[in-house]
Amino acid sequence: MTDQKTLPTDVAPMSFLASVQPDRRRHQGLALKAMFDRVTGWQARMWGPSILGYGAYDYTYASGRSGTWLATGFSPRKAALSVYIMPGYQDYGAILDRLGPHKMGKSCLYITRLDAVDMDVLAELIRTGIDDLSRIWPVRPT
């Protein structure tokens with residue numbers, strides 16, 4: 001059983017996005033939602049108070065820890081847009097080199113200015129992440 005803290009909620013993604021401040025970040029969140037909708041073909045679902053998640057997968061690690069997590073998604077946080085690519089970014093150097101200004105975490109990409117990145121490359125990265133994840137765990141729409 002999981003002790004996972006971030007779980008799906010019943011909050012409507014558009015209601016959440018309407019509340020995002022500052023305005024610049026809200027508009028970037030709306031632009032990302034449109035792109036994720038198009039690239040994934042799935043409906044967004046809120047995970048916790050601030051993540052728009054697309055798809056889901058169930059995992060069980062060798063340690064026995066298990067849970068369910070979003071396949072991909074984003075959060076329009078005040079400091080930066082956080083984009084979640086669940087297999088991580090270890091094999092995506094060639095794509096990331098073409099993206100534009102960003103910072104990285106293990107499975108999270110931080111973008112300060114959406115207008116400074118190549119949106120086609122970001123879409124390619126999202127699709128590649130979902131494809132790679134689906135080779136590890138069965139991915140389903142949410």
Side-chain angles (χ1 to χ4, degrees), residues 1-93 95-96 98-142:
M1 185 51 87
T2 183
D3 57 351
Q4 185 173 315
K5 294 179 184 173
T6 304
L7 298 169
T9 73
D10 291 328
V11 173
M14 290 303 288
S15 294
F16 164 72
L17 286 172
S19 71
V20 170
Q21 292 294 322
D23 290 345
R24 166 182 59 87
R25 196 61 82 209
R26 179 176 54 257
H27 294 299
Q28 292 171 340
L30 291 166
L32 278 179
K33 182 182 181 308
M35 184 178 59
F36 272 83
D37 288 354
R38 179 179 49 81
V39 171
T40 67
W42 298 330
Q43 297 273 324
R45 179 157 190 198
M46 292 302 300
W47 286 70
S50 63
I51 299 173
L52 280 83
Y54 289 82
Y57 66 101
D58 299 315
Y59 62 86
T60 302
Y61 296 132
S63 66
R65 181 175 174 214
S66 64
T68 300
W69 193 243
L70 55 112
T72 191
F74 71 94
S75 181
R77 302 191 190 280
K78 187 175 181 179
L81 299 161
S82 299
V83 177
Y84 301 96
I85 305 291
M86 299 330 299
Y89 292 97
Q90 63 275 15
D91 297 327
Y92 300 150
I95 298 172
L96 290 167
R98 297 183 285 119
L99 180 62
H102 65 277
K103 294 182 182 176
M104 293 187 326
K106 184 173 181 181
S107 293
C108 192
L109 181 73
Y110 302 101
I111 299 170
T112 304
R113 292 187 43 226
L114 194 58
D115 63 348
V117 299
D118 185 317
M119 295 297 280
D120 291 333
V121 174
L122 184 56
E124 176 187 349
L125 182 62
I126 294 163
R127 181 79 257 156
T128 300
I130 293 169
D131 292 346
D132 287 351
L133 179 63
S134 68
R135 286 191 270 282
I136 301 168
W137 306 106
V139 175
R140 62 185 183 280
T142 48

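When side chains are defined from C-beta on, L17 counts as touching P76, because their heavy atoms get closer than 4.5 Å. Side chains of L114 and M119 form a contact here, defined as non-hydrogen atoms less than 4.5 Å apart. The closest side-chain heavy-atom distance from I51 to R77 is below 4.5 Å. Side-chain contact between D132 and Y92 is present, with at least one heavy-atom pair separated by less than 4.5 Å. At a threshold of 4.5 Å between non-hydrogen side-chain atoms, the residues F16 and T9 do not count as touching. Between L109 and L122, some side-chain heavy-atom pair lies under the 4.5 Å cut-off.
Residue pairs that meet the salt bridge (Lys or Arg N to Asp or Glu O under 4.0 Å) test with at least one member in residues 42-56, sequence neighbours left out, are D10-R45. Applying the side chain to side chain donor-acceptor pair (under 3.5 Å) definition to pairs two or more places apart or across chains, those involving residues 25-36 are D23-R26, R25-Q28, K33-D37.
Distance alone, capped at 3.5 Å, places no donor-acceptor pair between the T6 side chain and the G48 backbone.
Atom OG1 of T142 sits about 9.0 Å away from atom OH of Y54, to the nearest 0.5 Å. The line from OG1 of T60 to CH2 of W137 is 5.5 Å long, rounded to the nearest 0.5 Å. Atom-to-atom distance recorded for I85:CD1 and T128:OG1 is 8.5 Å, nearest 0.5 angstrom. For the atom pair CG (L52) and OG1 (T72), the distance works out to 11.0 Å, reported to the nearest 0.5 Å. The CE atom of M46 lies 7.0 Å from the OG atom of S75; values are rounded to the nearest 0.5 Å. Between the CD1 atom of I126 and the OG1 atom of T40 there is a distance of 8.5 Å, given to the nearest 0.5 Å.
The heavy-atom pair separating Q4 from G67 by the smallest distance is OE1-CA, 3.9 Å. C108 and Y84 make their closest contact through SG-CE2, 3.7 Å (heavy atoms, listed as atom of the first residue, atom of the second, distance). Across all non-hydrogen atoms, the minimal contact from Y110 to G105 is CE1-N, 3.9 Å. Across all non-hydrogen atoms, the minimal contact from R38 to A123 is NH2-CB, 4.4 Å. Smallest separation of non-hydrogen atoms from H102 and L96: CE1-O, 3.4 Å. Taking each heavy atom of E124 and I95 in turn, the nearest pair found is OE2-CG1, 3.6 Å.
Checked against W69 for a ring-ring contact (aromatic ring centres under 6.0 Å, His included), the options Y59, W47, Y57 give a single hit: W47.
Scored by the salt bridge (Lys or Arg N to Asp or Glu O under 4.0 Å) test, R24 finds no partners at all (sequence neighbours excluded).
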